[in-house]
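Structure first, commentary second.
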2 protein chains.
Amino acid sequence: MDALEWYCMDKKYTIKDIAELAGVSKGTVDRVLHRRGKVSPKALARVEKILKEIDYQPNPIARNLKNNKVYRICVLMPDPKEDAYWSPAVQGIKEAAREFKPFGVLVNTYYYYTSEKISFIEKSKEALNSSPDVLLMAPVFQKEALEIFKHCQEAGVSVALFNNLIEEFSTQSFVGQDLTQTGRVAAGLIHKLVDNSSTIAILHIDEEKHMSLKENGFKAFFEGRSFTPEIKTFSLQTSNYEAFKKQSIDLVKNTNTISSVFVTNSKAYVFLKAISGINKNLTIVGYDLLPENIKYLEKGHIDFLIHQKPKRQAYLGVGYLAENFLFGKPIPEENLLPIDIITPENVMYYLD
Amino acid sequence: MDALEWYCMDKKYTIKDIAELAGVSKGTVDRVLHRRGKVSPKALARVEKILKEIDYQPNPIARNLKNNKVYRICVLMPDPKEDAYWSPAVQGIKEAAREFKPFGVLVNTYYYYTSEKISFIEKSKEALNSSPDVLLMAPVFQKEALEIFKHCQEAGVSVALFNNLIEEFSTQSFVGQDLTQTGRVAAGLIHKLVDNSSTIAILHIDEEKHMSLKENGFKAFFEGRSFTPEIKTFSLQTSNYEAFKKQSIDLVKNTNTISSVFVTNSKAYVFLKAISGINKNLTIVGYDLLPENIKYLEKGHIDFLIHQKPKRQAYLGVGYLAENFLFGKPIPEENLLPIDIITPENVMYYLD
DNA sequence: ACAAACTATGTGTTCGTACACATTTTTACT
DNA sequence: AGTAAAAATGTGTACGAACACATAGTTTGT
């Protein structure tokens, strides 16, 4: 392919070019492109012929310049002060906001408390009061999310989701992970590390809704296999820390066939701290790159962490919306991010 | 934060707004912004005061519209017909080209043959003949790359690299992976799966330059640890397949303390095919998501694959350049992509 | 046949930036 | 003081798409 061919192939045609080629004015070309009618069959045919020949694509930059609108995105998510898992998500939002601000996309973030369902609704109302173009939310509560969705529809605000999927919102845009599959990934890892005769513990700490999906996936991995290990499920609360510590130690010490633990959220470090006095070689798989988890990963106490990519989820959530506003890029309906497996040797590439 | 505050914070100021606020004309503001001089100290002070107050950022869209240039990127990379590793990279290039074409960024790809050094130089000349704005290349050959770099400088064409780093090009932009660290990742995985008494084989198939880095990283992982396993390095050629097969079988059968094999490139599947007759439980870690490798991964014969992300490397290589052209976004000097660990349970998210 | 009513088509302006060019103001020197 | 040169400042246009509006061309009705 030589330079000449290149030039011919990819000359950037404008409406003016098309108008000249078809022997009409740019107004007529515009009417054909936008099906605004008021075009004679003769002119229509000539313009369409040219359009077919050159594969015209409008310049998205010029189009947006004319639109000249300020787009507003409200983000509604759990307060990172309450759960450090959300801190990277805030970072992702901030980065995207910075990147798209010069283009006229404004982002405003509202935090709710996962300990108070009512704050979710309240903050959503606050967000809607600023009448954004779209509400991007990480909805921890299903029922309340549906209520908010109704409010949005009434206010003419579209909705996008990240991190937590609401089944009933099938048509909405979603960026997140298949949590069930993350359970399978964890099972695959543990399966490689321990022998089939030992018992595996699934440990839920401060149970939340999404954890059962992970448990299901974990168990599903072993279904239909010839040797299936024994799996025991535990559910502990950290609210009473002394009780939690005692139960954790019991789990490790007295249930002595347990060789591995799958912690279904980011709190593996809490468990490890609780059992720090005990010298037992456990295989541990947990979630999320919290600083405390990374510390235990690098010390070799956690074998693998599964990365839920909160930062990327949030960044993409905003980015998809912005690029759709600005350049008409279609928004993926359901974007399930890769399930990254983290070891001490590759963890640095997933931070920041 | 209410709607009013929002409005005040993020009003989109234009040059015209600034001119009015400072009581000068937009021409003067323009001269201040671009340091074109010919501005009285009085006017300069007034404009700069306003600029400081409002944190003005020019509209990248309008700026680009004015520039109205067609940007040309030539990509120079190994022919995917020769090595399937490169096929996803071609996909990445194609996707980026499609995405940025409406913005006036044109991409043309040239393939060279890794079996013929001369074709690398030849194709680079062909690429330079079309006088692109930048040459993005995956340089397998160091010495030849430097020569091409000289040609580019003479022709005023800037250079960006992906996949293969050339040490001497320290100032150039690079998208790729730290290959030494991938070796450490592989070692970490094998270390978890096998006991320290067994022997680990490092297997180079059809040796290339980059493999030694992986070997170094692999060995470095064990340095300073209390129990270090024995590591044996093998180097086989597939050009004579019968000999290769015999050597492979020898490796597995006769060197019978070997419990795990680290294949330093994408050809793990070739090795597994060669030893398919032998029933021995080997731990195998290899590279790259070739269909044949995935087949063996899903059958459980390969334990882990390390994903070198050729598609993303190529996509980002083009994307960074395009966004720099279009919106003046800075190009990261060295972007080392995460080293993804692939199992049968997460492989689907890394494909396509 | 001629105006009214309509259709078809062309022209002009806007968006925000960048730069060329025109105009005004200041400075320097006879 | 008067004028030329220099400096400062303002004005206008282009980029490409979108749309409002003006004009040209055609049909209809009396």
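In what follows, chains are A, B, ... by sequence order, proteins preceding strands, each numbered from 1.
- Checked by atom type, the side-chain pair A/Tyr315/A/Glu99 shows a donor-acceptor distance below 3.5 Å.
- Taking atom CZ of residue B/Arg31 and atom C1' of nucleotide D/dA7, one finds them 10 Å apart after rounding to whole Å.
- Here D/dA17 presents its C1' atom at 14 Å from CZ of A/Phe327, a figure rounded to the nearest Å.
- Heavy atoms of A/Asn68 sit under 4.0 angstrom from primed sugar atoms or phosphate atoms, though from no base atom.
- For the residue pair A/Tyr320 and A/Asn335, a side-chain donor N or O sits within less than 3.5 Å of a side-chain acceptor on the partner.
- A straight line from CD1 of B/Ile18 to C1' of D/dT9 spans 17 Å, rounded to a whole angstrom.
- In this structure, A/Ile166 CD1 and A/Phe174 CZ are separated by 9.0 Å, a value rounded to the nearest 0.5 Å.
- When only modelled atom types and interatomic distance are considered, B/Tyr349 and A/Gln177 share no side-chain donor-acceptor pair under 3.5 Å.
- B/Asn59 and B/Ile61 get closest at one heavy-atom pair: OD1-N, 2.8 Å.
- Here A/Lys49 pairs with A/Glu53 in a salt bridge; the nearest charged N to carboxylate O distance falls below 4.0 Å.
- For the OP1/OP2 pair of C/dG16 and a distance below 4.0 Å, the side-chain nitrogens and oxygens of B/Tyr56 include no atom meeting the criterion.
- The interatomic distance linking A/Leu33 (CG) with D/dG16 (C1') rounds to 12 Å, in whole Å.
- The nearest heavy atom of DNA chain D to A/Lys26 and to B/Thr28 marks one nucleotide each, and the one closer to the 5' end goes with B/Thr28.
- Scanning for ring-ring contact (aromatic ring centres under 6.0 Å, His included) contacts around A/Phe327 gives B/Phe103, with sequence neighbours left out.
- Contacts with DNA chain C (heavy atom under 4.0 Å) in residues 57-67 of chain B: B/Pro58, B/Asn59, B/Ala62, B/Arg63, B/Lys66, listed by number.
- Within a heavy-atom distance below 4.0 Å of DNA chain D, the residues of residues 34-50 of chain A found are A/His34, A/Arg36.
- For A/Ser25, the side-chain atoms get nearest to C/dT9 when compared with the rest of D/dT9, C/dT9, D/dA17.
- A straight line from NZ of A/Lys16 to C1' of D/dT13 spans 12 Å, rounded to a whole angstrom.
- Between A/Ile15 atom CD1 and D/dC19 atom C1' the separation is 11 Å, expressed in whole Å.
- By the 4.5 Å heavy-atom criterion applied to side chains, A/Phe325 and A/Asp133 are counted as neighbours.
- Atom CZ in A/Phe103 sits roughly 14 Å away from atom C1' in C/dT17 (whole-Å rounding).
- A donor-acceptor pair under 3.5 Å links the side-chain atoms of B/Gln313 to the main chain of B/Asn163, judged by distance alone.
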